[in-house]
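Down below is the structure, laid out as structure tokens.
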Amino acid sequence: MDWYKESNDSVIKSLDTDENNGLSDSKVASLLEKYGKNVLKEKKKKSMAAKLKDQFLDPMIIILLLASILSMAIGEVTDSIIIIAIVIVNAVLSIYQEGKAEQAIEALQKMASPKAKVIRNGKIMEVDSQNLVPGDIVELETGDIIPADLRLLESTNLKIDESSLTGESVAVEKNAKDEITTDAGIGDRTNMAYSSSIVSYGRAKGVVVETAQNTEIGKIATSLSEVEDEETPLQRKLAQLSKQLGIITVVVCAIVFAVGYFLYDFGALNMLMTAVSLAVAAIPEGLPAIVTIVLSLGMGRMAEKNAIVKKLLAVETLGTTTVICSDKTGTLTQNEMTVKKIYVDGTDVDVTGTGYKPEGDYLIEDRKMQEDDIKSLNTLLHIMSLTNDSKLIEEDGTYKIVGDPTEGALHTAAGKQNITKEESNQNYPRIEEIPFDSERKMMTTFHDKFLSDKIISFTKGAPDIIIEKCSKILIDNEIKPLTEELKQKLLNKNSEYAKQALRVLAYALREHDDLPNEITSENIEKNMVFVGLSGMIDPPRLEVKDAIEECKTAGITPVMITGDYLETAVAIAKDLGICTDDSQAIMGAELNNMTDDEIREIVKEKRVYARVSPQNKVQIVTALKENGHIAAMTGDGVNDAPAIKKADIGIAMGITGTDVAKNTSEVILTDDNFATIVHAVEEGRIIYSNIKKFVSFLLSCNIAEILIVFLAIMFKWDTPFIPIQLLWLNLVTDSFPAMALGVEKGEADIMNRAPRSPKEPIIDKNMRLSIIVQSLAITVATLFAYNYGLNHFDGHIESARTVAFATLILSELLRSYSVRSEHKSVFQIGVFSNKALVMGTSLSLFLMLAVIYIPGVNDVFETIPLHLEHYKVILPCALLPFAAGEILKAVKSKK
């Protein structure tokens with residue numbers, strides 16, 4: 001039901017309650033039974049068993065487990081234990097790195113007000129907010145967290161901070177008497193108060209209309225639980241790769257078994273052993289662990305740059321981002337209202353400085369104000385300070401405002417001229433006031449002996465109303481008549497400031513011989529002296545403009561999605577470079593009546609979305625994803641949480657962000673700096689590039705191993721490797737160079753490239769060609785060395801296998817240097833420039849020598865010590881794949 005469209009009497013009647021006496025205890029009990037507690041349902045967490053099950057469903061893992069069972073069955077216990085150990089270590093690593101399950105719903109529950117003041121049985125009492133029911137009459141005052149969705153019945157000077165729901169930084173004026181007959185967004189429902197928002201000013205009484213999941217924040221909680229966790233692009237690509245490798249493995253193993261058993265009559269047990277060897281050779285056992293470790297290292301580097309990545313695979317997804325949807329308040333802007341313009345003495349005054357720290361200058365035509373300029377300005381600043389109920393607090397060098405953010409901005413502006421509220425109130429104490437209300441849109445305070453021995457009243461409020469109530473104007477510290485021509489000039493200036501998305505207030509004063517007996521708006525707020533205007537805005541973050549430009553250079557489209565007004569959003573967006581024209585902006589309400597197809601078309605053109613609801617944000621993100629984008633969504637409020645979860649990458653602000661936003665996101669920015677997202681995207685691109693390098697390295701090695709075993713069987717040779725040798729190769733020898741490739745430095749132009757297509761396979765055309773060439777080169781080299789060993793050692797299989805084993809390892813280690821760049825020669829980028837690779841290959845070389853030369857160890861691996869003469873064949877063979885890789889790059893570069 002659209003409660004905001006209903007009259008008070010209609011709402012009271014529908015809920016069968018009493019405005020003055022509230023509900024009876026028996027009625028509350030029956031409603032609690034009907035509606036349940038006013039708490040949000042918690043999403044069922046994934047059990048540890050379910051997480052482990054997910055880990056073991058990977059096709060590569062399944063084949064490894066089958067290989068382990070086969071190894072155990074034929075007596076190869078050591079091989080079986082090693083395979084199982086690999087699987088367990090990988091599962092533990094993945095579960096540990098991805099951390100705890102999401103706690104977004106728990107965070108939403110924590111935001112609920114623990115107590116509420118209600119009228120029941122005709123008496124005011126305090127109850128747990130979880131026991132509220134529709135029909136309860138709730139009383140509110142400044143500082144209260146609203147415990148449920150309320151239709152306001154009475155309100156006095158009520159302002160509510162709804163930023164966590166709407167993203168709007170300015171507290172919303174509420175009025176119980178407002179009649180709304182048309183559809184309105186949350187931010188425009190001025191006769192409603194919503195759960196989890198905060199009363200920043202005034203008091204009110206309202207009737208509970210919705211509780212728990214039916215509240216606006218409850219709908220957000222429901223939408224969070226309904227948004228399914230989706231796989232990242234890397235997860236999808238690795239899963240696809242695993243599936244393909246699994247199918248190839250099964251087919252090749254079946255062919256080899258069939259050929260060996262039925263055609264060559266090698267014996268079932270022998271061919272079963274060979275099939276196990278092939279399965280082990282086909283699967284890059286170290287790949288899942290290496291991906292996990294490399295992503296973990298990337299997480300560490302990102303953390304150093306103020307981006308905490310909660311989900312491991314999100315590190316890579318950042319690099320694929322094609323569009324960043326950003327909330328405005330607190331993300332692109334500072335979430336601190338700041339006075340930027342003042343109009344006084346017929347002159348525009350620019351105010352420097354940002355935030356609530358009272359530092360800055362007042363400038364006229366690019367020059368600092370002189371003493372003669374500031375007489376009328378000081379009067380204006382004193383009015384800002386005195387008609388003000390906010391407090392400026394400093395804690396450890398950080399300034400914050402307690403109270404209305406708008407008044408906080410005025411407080412700070414006065415402080416920049418060393419006019420403090422404390423000193424002003426001490427010198428000119430407030431002796432009476434007419435509080436602000438949303439009908440007259442003004443506030444007046446009375447003070448003694450400000451300009452003379454008389455009582456003076458200061459008024460601030462809406463410019464058009466105050467200008468109309470003034471008959472005089474203060475110019476050069478003199479009071480002069482306010483002519484119609486001057487009035488029009490003031491109205492034009494107000495309009496000029498408003499078009500710059502500034503929130504404009506006007507200021508006036510009036511002298512009284514004595515404190516009036518009748519202090520009413522009608523009696524006091526007339527025939528006033530106009531003093532000036534101020535224009536304020538929540539300013540953009542200083543570093544964001546450059547970050548937006550860098551996004552565009554990187555082929556990433558920045559989009560603003562905000563709950564703020566259209567004019568404000570467009571002005572900020574133009575200033576930052578997000579949009580260039582008003583036609584690129586749209587109101588969220590317009591999306592409500594559009595089909596999904598229409599929204600998919602709209603998002604292709606629009607760059608600014610204003611006055612959007614949480615549902616609109618999800619619609620926009622969904623449409624972008626359906627158009628093929630990899631979408632990142634940044635935000636800090638509860639209102640951003642569903643879209644953050646729906647996005648491919650959810651990014652929350654660490655300082656200003658709510659717990660809900662943080663717990664829903666994959667990435668948290670510890671400095672709330674939009675520019676940090678760009679650094680994170682760059683790191684993501686580097687990581688993906690490096691993942692491709694070590695995937696290319698591992699696959700070329702593994703495919704070569706398959707071909708070596710397969711062709712050896714076809715040649716009626718004995719199997720060149722036993723399973724434990726292949727396990728050692730894949731898990732230990734190959735893994736160290738692969739990990740070192742994972743920390744390769746990014747290429748200089750990586751952020752000047754367009755984002756790769758989300759549909760692009762991890763093995764693209766260039767990578768496929770490289771893998772084919774390298775696999776064939778390694779195969780030829782190793783088989784040649786194996787054949788040499790068979791002939792040189794008169795068929796002594798262990799000696800021939802050792803020669804093949806050493807050749808394969810050395811060729812793979814040299815291959816790791818060639819794979820460092822797809823285009824540049826290793827000699828161009830520096831053979832030893834990747835110190836981790838030098839260390840990794842050195843360690844792998846040492847391990848190779850260990851299993852060949854250390855007595856006892858070589859018995860386990862069935863190898864023999866080689867002599868120097870053998871390396872005269874091994875080394876040239878090992879250099880062949882490296883040379884092939886470098887020649888291929890030279891040919892491609894020439895083309």
Side-chain angles (χ1 to χ4, degrees), residues 159 161-163 165-173 180 182-190 325-343 348 350-351 354 404-406 409-410 438 441 461-467 490-506 533-541 544-545 548 558-592 602 605-613 616-617 620 635 637 639:
K159 290 185 181 182
D161 177 3
E162 294 181 338
S163 60
L165 276 171
T166 65
E168 186 178 348
S169 54
V170 179
V172 181
E173 295 173 12
I180 303 171
T182 58
D183 290 342
I186 293 174
D188 298 316
R189 298 172 191 173
T190 52
C325 303
S326 178
D327 181 40
K328 177 183 73 68
T329 305
T331 307
L332 297 172
T333 65
Q334 299 177 30
N335 200 21
E336 295 179 331
M337 292 298 291
T338 305
V339 174
K340 302 302 291 182
K341 288 276 190 180
I342 285 177
Y343 184 74
D348 283 305
D350 291 316
V351 186
T354 57
D404 190 295
T406 298
L410 304 181
S438 55
K441 296 185 179 180
D464 53 340
I465 295 174
I466 285 188
I467 291 168
L490 295 174
L491 291 170
N492 291 342
K493 183 59 65 175
N494 173 45
S495 178
E496 178 189 325
Y497 281 1
K499 286 177 181 176
Q500 297 173 37
L502 296 174
R503 180 179 171 83
V504 189
L505 290 175
L533 300 169
S534 71
M536 68 186 73
I537 197 169
D538 180 10
R541 292 181 175 274
V544 167
K545 197 166 187 176
I548 294 292
V559 173
M560 179 192 290
I561 305 178
T562 178
D564 217 334
Y565 290 98
L566 185 67
E567 294 78 7
T568 305
V570 170
I572 293 288
K574 283 182 177 178
D575 184 28
L576 292 174
I578 292 174
C579 76
T580 56
D581 188 80
D582 291 0
S583 64
Q584 292 177 292
I586 188 173
M587 293 283 283
E590 295 181 51
L591 301 178
N592 295 335
I602 281 291
E605 305 169 1
K606 304 301 180 184
R607 297 293 175 265
V608 177
Y609 300 86
R611 301 303 278 174
V612 293
S613 67
N616 291 149
K617 294 184 180 187
I620 295 162
N639 60 310

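- Of all non-hydrogen atoms in Cys325 and Ile561, the two that sit nearest each other are CB-CD1, 3.6 Å.
- Between Arg541 and Leu332, the closest side-chain pair of non-hydrogen atoms is not below 4.5 Å.
- Taking the side chain as every heavy atom from C-beta outward, Arg607 and Val559 approach each other to under 4.5 Å.
- At distances below 3.5 Å, at least one donor-acceptor pair connects side-chain atoms of Arg189 with backbone N or O atoms of Ala184.
- Using a distance-only test at 3.5 Å, with no hydrogens or angles considered, no donor-acceptor pair links the side chain of Thr562 to the main chain of Asp327.
- Remark: Asp464 pairs with no residue by the salt bridge (charged side-chain N to carboxylate O under 4.0 Å, His left out) rule, at least two apart or across chains.
- Gln500 has its side chain within reach of Lys341: a pair of non-hydrogen atoms, C-beta onward, lies under 4.5 Å apart.
- Between Val339 and Val351, the shortest heavy-atom distance links the atoms O-CB, 3.4 Å.
- At least one side-chain heavy atom of Asn592 sits less than 4.5 Å from a side-chain heavy atom of Asn616.
- Within the 4.5 Å cutoff, the side chain of Thr406 has heavy atoms near those of the Arg503 side chain.
- Looking only at side-chain heavy atoms (C-beta outward), Ser534 and Val504 stay at 4.5 Å or farther from each other.
- No side-chain heavy atom of Asn494 sits under 4.5 Å from any side-chain heavy atom of Tyr343.
- Listed for the Lys545 side chain is a donor-acceptor partner under 3.5 Å among the backbone atoms of Asp575.
- Between Leu591 and Tyr609, the shortest heavy-atom contact is CD1-CD2, 4.3 Å.
- Judged purely by distance below 3.5 Å, without hydrogens or angles, the side chains of Asn492 and Ser495 never pair a donor atom with an acceptor atom.
- The two residues Ile578 and Ile548 have their closest heavy-atom pair at CG1-CD1, 3.9 Å.
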Could you walk me through whether Lys574 and Asp582 pass salt bridge (charged side-chain N to carboxylate O under 4.0 Å, His left out), step by step?
CA-CA 9 Å; Lys574 283 182 177 178; Asp582 291 0; 2.7 Å; yes
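- A salt bridge links Asp348 with Lys493: at least one charged nitrogen is closer than 4.0 Å to a carboxylate oxygen.
- The closest side-chain heavy-atom distance from Ile537 to Ile572 is below 4.5 Å.
- Taking a cutoff of 4.0 Å between a charged side-chain nitrogen and a carboxylate oxygen, Asp564 and Arg611 do not qualify as a salt bridge.
- For Asp581, the side-chain contact (heavy atoms from CB on, under 4.5 Å) test picks out Ser583, Gln584, with sequence neighbours left out.
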Could you go through the salt bridge (charged side-chain N to carboxylate O under 4.0 Å, His left out) check for Lys340 and Asp350 one step at a time?
CA-CA 6 Å; Lys340 302 302 291 182; Asp350 291 316; over 6 Å; no
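- Pairing each heavy atom of Ile466 with each of Ala506, the nearest pair is CD1-O, 3.3 Å.
- Considering all non-hydrogen atoms of both residues, Ala501 and Glu567 come closest at CB-O, 3.7 Å.
- Looking only at distances, no side-chain donor or acceptor of Glu336 sits under 3.5 Å from a matching main-chain atom of Thr354.
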